[in-house]
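What follows is a single structure, written as structure tokens, with notes after it.
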Amino acid sequence: MLHKIFTLLTIVASATSENYNVDCSWPIHSKNLTCGNLLGDRQAVHEEYMEGCRQKWGSKGALRCDSNEEDRLEMSRRQPQSMVNYTETGFKKIKAPEKLWSLLKNYWDANKNDKHKEEWGIGNVYTNNWAAPTYMVSVEDKGLRGGGRFMKNRIWEAARPTIEEWTGMKLQATSLYGIRVYTEGAILAPHVDRLPLVSSCIINIAQDVEEDWILEVYDRNDRAVNVTMEPGDMVLYESGSLVHGRPFPLKGNFYANVFIHFEPTGEHLHDSEWDTQDDFFPPYIVPDSPEIKNWARRNPSGWKKQAPSAAGLSRPKGHVAAANGDLQDIGRLAREDKHLLHKKDENGWQPIHEAARAGNLDVVKLLVEKHGADINSVTNFGDGSSVYNVAVQAFSPDHPVAMYLSSKGAVNIGPEL
Ligand SMILES: *[C@@H]1O[C@H](CO)[C@@H](O)[C@H](O)[C@H]1NC(C)=O
Ligand SMILES: *[C@@H]1O[C@H](CO)[C@@H](O)[C@H](O)[C@H]1NC(C)=O
Ligand SMILES: *[C@@H]1O[C@H](CO)[C@@H](O)[C@H](O)[C@H]1NC(C)=O
């Protein structure tokens, strides 16, 4: 009873303060904003944003800006209603656990001067990168101090218990790139993450700002909530169902944060019970929901549980040779066990992706021209990048590997975030 009264009071209190739904600060369900001038002329801010994208991509890509924007809106309408939710609120702010925090903070301090500019795909409208470039301090870059797959796994493992406890589910890792650095004027369009980015966290690593850069999330009633974060703060969020973004431009020099993503395995954390298992669909999509068809189209072979992430520690031989640019080793493997040159690892990466990430033109050419590697194969389990996209993410469209792939007609398929 007492609880009910408090809930009522909260609702009354929030109704008298700033209170708005989707399509007020930014288009989320519809392009047409619905709350007049409550937050100023947001329609004009959005139109200028879209114009920035069109101008950046010119005659080749301007149309993609608009179709990507339609896709974002469509996804915000379709996906949240299709997701199983594991928490009542969908988000929660806490302090990052000590071990995770020191791992990330030390990594940042050691490598913050080695960030590289991120290249976003054609017509990408998730950030206004044309006006405010973003940078990445990758955690799996072996060229950085302490970086590599081992570091990536350590970060996943340090974050996992907290998010498992919060969701009550056993989780497996799906995506983690590194520390993204946003710059003055940055906007992050509100969105839900592509699957399998389901149970996630954001950690503020460092910032130099004139005022808080607001993280806007939408609660279960589609009402906007402003969340602020200090360095060391961690926001847990169900990123596949909770709309989140930063629609108000960053005021200040930079804002550095990391996103760490998992998906539920279907196993409960405490009682070892399992959700009803489906042979094909992951346990976190509501059966017969609008997302089901979309998911099936994008995942024709169904949902498989990943190998334990520790498997990332011992790489198959073809991957190692490709990453190291070892042409002799590749020749030897071609004679002894050709299958290793095309094998997929636990993240769906093949040697050709490794070669592209390492920027080894000779290896990429050898794999394509002599050993029949598919230049358009796409990684899976959260990365979802084509070979060309891997090269552009790691370097730039002007890198010899990217130029070579492009001359062969390679497609650019990449994760949006
Ligand atoms: C948005 O507004 C325009 C102009 O007022 C109107 O033509 C269009 O149908 C509206 N679109 C939606 C999705 O409501
Ligand atoms: C999960 O949360 C989203 C967003 O808050 C909501 O739209 C959806 O209906 C919820 N799912 C279920 C199964 O209740
Ligand atoms: C969120 O912050 C913005 C920018 O300061 C403000 O205009 C808006 O009213 C706030 N929204 C909520 C729901 O508090």
Side-chain angles (χ1 to χ4, degrees), residues 3 29 74-92 94 153 156-157 159-176 191-202 217-222 235-244 259-312 344-348 378-384 415-417:
H3 173 247
H29 287 172
E74 218 273 309
M75 194 165 156
S76 306
R77 291 190 297 261
R78 180 191 69 235
Q79 199 174 287
Q81 59 171 308
S82 309
M83 299 296 291
V84 174
N85 297 314
Y86 298 91
T87 70
E88 206 176 306
T89 52
F91 69 99
K92 183 181 180 184
I94 59 171
N153 283 328
W156 263 325
E157 288 315 299
R160 191 153 61 115
T162 305
I163 309 177
E164 286 188 336
E165 204 53 61
W166 180 57
T167 57
M169 301 301 291
K170 292 244 187 176
L171 303 175
Q172 59 195 3
T174 52
S175 175
L176 165 61
H191 64 282
V192 289
D193 291 349
R194 75 203 148 82
L195 304 181
L197 281 54
V198 178
S199 311
S200 310
C201 72
I202 309 173
V217 303
Y218 286 82
D219 69 13
R220 298 280 191 231
N221 300 312
D222 278 346
V235 169
L236 313 174
Y237 65 125
E238 298 199 58
S239 60
S241 64
L242 188 89
V243 173
H244 58 279
F259 305 92
I260 309 174
H261 302 282
F262 300 86
E263 67 181 339
T265 57
E267 184 181 358
H268 297 212
L269 185 61
H270 292 300
D271 54 15
S272 310
E273 297 267 312
W274 283 79
D275 288 341
T276 322
Q277 295 288 293
D278 185 284
D279 284 344
F280 191 86
F281 291 105
Y284 45 77
I285 303 179
V286 175
D288 301 322
S289 64
E291 175 60 19
I292 283 285
K293 252 196 216 146
N294 182 62
W295 192 92
R297 194 175 60 243
R298 299 187 51 164
N299 299 275
S301 47
W303 187 67
K304 286 186 219 74
K305 264 189 285 309
Q306 257 172 283
S309 57
K344 292 190 173 179
D345 72 5
E346 79 278 9
N347 291 315
V378 173
T379 63
N380 59 14
F381 288 120
D383 285 277
E416 298 296 72
L417 281 175

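- In this structure a side-chain-to-backbone donor-acceptor pair under 3.5 Å is present from E164 to L171.
- Under the 3.5 Å distance criterion, the side-chain polar atoms of S82 are left unmatched by any main-chain donor or acceptor of I285.
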### Task
Check step by step if side chain to side chain donor-acceptor pair (under 3.5 Å) holds for E263 and Y284.
CA-CA 8 Å; E263 67 181 339; Y284 45 77; 2.5 Å; yes

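- The shortest side-chain heavy-atom distance between P282 and W295 falls under the 4.5 Å cut-off.
- The backbone N or O of Q79 lies less than 3.5 Å from no partner atom in the side chain of Q81, so there is not a single donor-acceptor pair.
- The closest side-chain heavy-atom distance from T174 to V198 is not below 4.5 Å.
- A side-chain donor-acceptor contact under 3.5 Å links S239 to the backbone of L197.
- Note that CZ of F280 is 7.0 Å distant from CG of N299, once rounded to the nearest 0.5 Å.
- With a 4.5 Å cut-off on side-chain heavy atoms, P283 and W303 count as touching.
- In this structure, the side chains of R220 and S241 come closer than 4.5 Å at one or more pairs of heavy atoms.
- Ring geometry for H244 against Y237 counts as perpendicular: the plane angle is over 60°, on a 0 to 90° scale with 30° as the lower cut.
- What you find for I292 and V286 is that their closest heavy atoms are CG1-O, 3.4 Å.
- Closest approach of P80 to V192, counting heavy atoms only: CG-CG1, 3.9 Å.
- Rounded to the nearest 0.5 angstrom, F91 CZ and Y218 OH are separated by 12.0 Å.
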### Query
Could you walk me through whether H29 and D222 pass the side chain to side chain contact (heavy atoms under 4.5 Å, CB included) check?
CA-CA 11 Å; H29 287 172; D222 278 346; 3.8 Å; yes

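- Taking every heavy atom of both residues into account, S200 and H261 meet most closely at OG-ND1, 2.8 Å.
- L195 has its side chain out of reach of R298: every pair of non-hydrogen atoms, C-beta onward, lies at least 4.5 Å apart.
- Heavy atoms only, all atoms of each residue included: G240 and M83 are closest at O-CG, 3.5 Å.
- Taking each heavy atom of L236 and I94 in turn, the nearest pair found is CD1-CD1, 4.1 Å.
- A 4.5 Å side-chain heavy-atom check between F262 and W156 finds at least one atom pair inside the cut-off.
- The shortest side-chain heavy-atom distance between H268 and K170 does not fall under the 4.5 Å cut-off.
- When all heavy atoms of R194 and S175 are compared, the closest pair comes out as NH2-OG, 4.2 Å.
- Enclosure of atom CG in D271 by more than 12 non-hydrogen atoms of other residues, nucleotides or ligands within 6.0 angstrom is indicated.
- A donor-acceptor pair is defined here as one N or O able to donate and one able to accept, closer than 3.5 Å; such a pair exists between the side chain of E238 and the backbone of T87.
- Residues passing the side-chain contact (heavy atoms from CB on, under 4.5 Å) test with E165, sequence neighbours excluded: L269, H270.
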